[in-house]
Trainee: 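My structure is below; once you've seen it, I'll send some questions.
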Amino acid sequence: FFAEDGAPVSWEDRQDLRGRAVECAFGRRYRVEGEISMLQVLCVVPKTIEGVQEISEISYSVRPSRVFDSGGKRYALMVINKPPAQFDLAMRFTATLYSGDLTSVRNGRAVERFERNRSALRQYLLPEKYVESDNTAIVQAARELADEDQLAAVRKLFSYTNSRLTYDDAMTRTIGAFEALKGRRGDCSEYASSFVALCRARGIPARVASGYVVDWNDTPLHSWAEVYLDEFGWVQFDPTYADRGRYSFTNLDSVYLQLTDTQSDSVLGGRIFYSTRYRGTGALRSQSVFECSEIRNGEKGQTKRWASPAG
C-alpha cells in the first residue's frame, strides 16, 4: 500500500515562508465479493497550487494507465484485471502546506493569489450544484447583509453562516446550501457551500475547496472556502472550524491539503474524489483510507491513520 518516502522540496521563492512538510497517502481499500473480471478507478490527484501547497514525489500502489489534466485538475486512471479478494489502491506523496488565511495574507506571510485573467472569476459567481447562489432566499439574505466594504460584507456572511447552521456529524449525504440554511444543519460541506453561495449572491467570487486536513480529530476529510478579495486575491476561510472553536474568521493553520474546488466533478460523474466502474456479477465494497506524518528537520514523525466505515 505505502511506498517509501521522498524528501519535500521547497519553492525557491518561498524559503522565507513557514510551511508544514508532511508525507501523506490516501486511497481506497477494496473487498471483492463474487466474480469481478475488471475494475476501473478514476481519481483526482493532488497538484501543486501556488500559495497553497507544493506536491512532490507521487507514487502509486498500482501504476496508472493514464494521468491527465482537465479543468485545472489532474486525474489518474487505474485499471485492475481480475482483482484479488482484498487490495488497496492508493497514492503516496510529500507536500508542503502553506496557510492562506486573512492574517497571513495581510502580514506578508502568504503568497497573494491574484487572478491574471479577471474573466476567470466569472465562474465563481455562478450557481452550481450544492451552491445555489441564485436561490431567492439566499439572494435575499445576502442583500440584507450587504455592506459597501467588501471585507466587511464577507465577515457578515461568514458570521451569518455560523449563526444559522448547527454542526451535524450524522450527515449521510450532501444537501447543499439551500437545504442546509433552511434546515439549519450540516457538516463541513454544507458550511462551506452555504458561505460560498452567500458570497456569490452578494457578487463576491468564492469557491468550495475540498480535500484533507493533516491534523484531525474525527475525520481528515474536509471542505472549506476560498473567497476572492480585490485587495488580497484568493483567501482561505473555514466556517466549520470557526464555528467549532478551532480557528477564527482571520486565522487558520497550514493543515489544508486541497484536492478539488468543486463538490460535483463532471469528470468523475458527479463524484468529488473518485469514481469506480467494474465488470462482473459480483459486488465491490470499499472504504476510504488516509495517513499522514509530519516531517521536521528531515525526520518523519509519528504516522496518524484513519479509515472510513466500510461501505
Trainee: Aromatic rings Y241 and H222: how do their planes relate, parallel, tilted or perpendicular, breaks at 30° and 60°?
Mentor: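 Rings of Y241 and H222: parallel, under 30°.
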Trainee: As a quick check of understanding, evaluate salt bridge (charged side-chain N to carboxylate O under 4.0 Å, His left out) for D230 and R118, giving each step before the final call.
Mentor: CA-CA 11 Å; D230 293 337; R118 295 282 296 186; 3.6 Å; yes
Trainee: Heavy atoms, side chains only, cut-off 4.5 Å: are V196 and V208 in contact?
Mentor: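 In contact.
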Trainee: Which atoms form the tightest heavy-atom contact between L198 and A141, and what is the distance?
Mentor: CD2-CB, 4.1 Å
Trainee: With a 3.5 Å distance limit and no angle check, can you tell me whether R184 reaches the backbone of R164 through a side-chain donor-acceptor pair?
Mentor: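 Looks like yes, one N/O pair under 3.5 Å.
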Trainee: What heavy-atom pair brings P64 and V67 nearest, and what distance separates the two atoms?
Mentor: CB-CG2, 3.8 Å
Trainee: Please report the interatomic distance CZ(R244) to CG(N162), rounded to the nearest 0.5 Å.
Mentor: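 That separation rounds to 12.0 Å.
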Trainee: Is Q53 reaching over with its side chain to a backbone N or O of Q258, donor-acceptor style, under 3.5 angstrom?
Mentor: yes
Trainee: Are Y30 and R285 linked by a side-chain donor-acceptor pair shorter than 3.5 Å?
Mentor: no
Trainee: Within a reach of under 6.0 Å around CD of E115, are more than 12 heavy atoms found that belong to other residues, nucleotides or ligands?
Mentor: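 Result for CD/E115: enclosed.
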Trainee: I'd like to check M78 versus Q40 (side-chain heavy atoms, cut-off strictly below 4.5 Å). Are they in contact?
Mentor: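 When only atoms from C-beta onward are counted, Q40 and M78 do not touch, as no gap falls below 4.5 Å.
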Trainee: CG of N81 to CZ of R279: how many Å apart, nearest 0.5 Å?
Mentor: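 Reported to 0.5 Å precision, the distance equals 8.0 Å.
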Trainee: Calculate, to the nearest 0.5 Å, the distance between atoms CG and CG belonging to L89 and L39 respectively.
Mentor: 6.5 Å
Trainee: Under a 3.5 Å distance rule, please check whether T103 uses its side chain to pair with a backbone N or O of T250 as donor and acceptor.
Mentor: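 Checked: pair present.
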Trainee: Does a side-chain heavy-atom distance below 4.5 Å link R109 with S99?
Mentor: no
Trainee: Which heavy-atom pair separates L181 from S194 by the least distance, and what is that distance?
Mentor: CG-OG, 3.7 Å
Trainee: Using a distance-only test with no angle check, is there a side-chain donor-acceptor pair under 3.5 angstrom linking D187 and Y167?
Mentor: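 Side chains of D187 and Y167: no pair found under 3.5 Å.
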Trainee: For the residue pair Y75 and S70, what are the closest heavy atoms and their distance?
Mentor: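 Of all heavy-atom pairs spanning Y75 and S70, the closest is CE1-O, 3.7 Å.
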Trainee: Should we say atom CD of E33 is surrounded by more than 12 heavy atoms from elsewhere, each under 6.0 Å from it?
Mentor: yes
Trainee: For D215, is there an ion pair with R246 - N to carboxylate O distance below 4.0 angstrom?
Mentor: yes
Trainee: Enter the distance from N135:CG to E179:CD here, rounded to the nearest 0.5 Å.
Mentor: 9.0 Å
Trainee: Tell me if the centroids of the rings in F290 and W306 come within less than 6.0 Å of each other.
Mentor: no
Trainee: To the closest 0.5 Å, what do you measure between CG (L102) and CG (N107)?
Mentor: 9.0 Å
Trainee: Are R63 and Y60 in a cation-pi contact, defined as NZ or CZ under 6.0 Å from the six-membered ring centre and within 45° of the axis?
Mentor: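 No - R63 does not lie over the ring of Y60 by the 6.0 Å and 45° rule.
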Trainee: For the OG atom of S37 and the CD1 atom of I80, what is their distance to the nearest 0.5 Å?
Mentor: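 The CD1 atom of I80 is 12.5 Å from OG of S37, to the nearest 0.5 Å.
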Trainee: Flag the pair D261 and K73 as a salt bridge only when some basic side-chain nitrogen lies within less than 4.0 angstrom of an acidic carboxylate oxygen.
Mentor: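 Here D261 pairs with K73 in a salt bridge, since their nearest N and O are under 4.0 Å apart.
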Trainee: Strictly below 4.0 Å, N to O, side chains only: are E128 and R200 in salt-bridge contact?
Mentor: yes
Trainee: Are P46 and F26 packed together at the side-chain level, in the sense that at least one heavy-atom pair is separated by less than 4.5 angstrom?
Mentor: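 The answer is yes; the side chains approach within 4.5 Å.
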Trainee: Which class fits the ring pair F249 and F158: parallel under 30°, tilted 30 to 60°, perpendicular over 60°?
Mentor: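 The arrangement is perpendicular - the two ring planes meet at more than 60°.
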Trainee: Do R92 and E57 sit within salt-bridge range, that is, some charged N less than 4.0 Å from a carboxylate O?
Mentor: no
Trainee: So, the side chain of S65 versus the backbone of L77: is there a donor-acceptor pair under 3.5 Å, distance only?
Mentor: yes
Trainee: Could you tell me if the side chain of L259 sits less than 4.5 Å from the side chain of F273, heavy atoms only?
Mentor: yes
Trainee: Quick one: salt bridge (Lys or Arg N to Asp or Glu O under 4.0 Å) partners of D101, sequence neighbours excluded?
Mentor: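 For D101 there are no salt bridge (Lys or Arg N to Asp or Glu O under 4.0 Å) partners, ignoring immediate neighbours.
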Trainee: Are the side chains of V41 and R28 in contact, using a 4.5 Å heavy-atom criterion?
Mentor: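 In short, these two side chains do not touch, never coming nearer than 4.5 Å.
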Trainee: Can you see whether S210 engages T260 through a side-chain donor-acceptor pair at a distance of less than 3.5 angstrom?
Mentor: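 Their side chains do not contain a donor-acceptor pair, so the 3.5 Å distance test is not met.
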Trainee: Please walk me through it: do R113 and E226 pass salt bridge (charged side-chain N to carboxylate O under 4.0 Å, His left out)?
Mentor: CA-CA 11 Å; R113 294 184 290 147; E226 293 191 326; 2.8 Å; yes
Trainee: Report yes or no: do S286 and R29 form a side-chain donor-acceptor pair below 3.5 Å?
Mentor: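 No pair is found: no donor N or O on one side chain lies under 3.5 Å from an acceptor on the other.
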Trainee: Is there a donor-acceptor contact under 3.5 Å linking the side chains of S56 and T94?
Mentor: yes
Trainee: Is the closest side-chain heavy-atom distance between I36 and L284 below 4.5 Å?
Mentor: yes
Trainee: Classify the ring geometry of W224 against Y256: parallel below 30°, tilted from 30° to 60°, perpendicular beyond 60°.
Mentor: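 Tilted, since the angle between the ring planes falls between 30° and 60°.
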Trainee: Indicate yes or no: at least one non-hydrogen side-chain atom of W234 is less than 4.5 angstrom from one of Y124.
Mentor: yes
Trainee: With a 6.0 Å cut-off (strictly less than), is the heavy-atom count around NZ of K304, excluding the residue itself, greater than 12?
Mentor: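 Yes, the 6.0 Å shell around NZ holds more than 12 heavy atoms from other groups.
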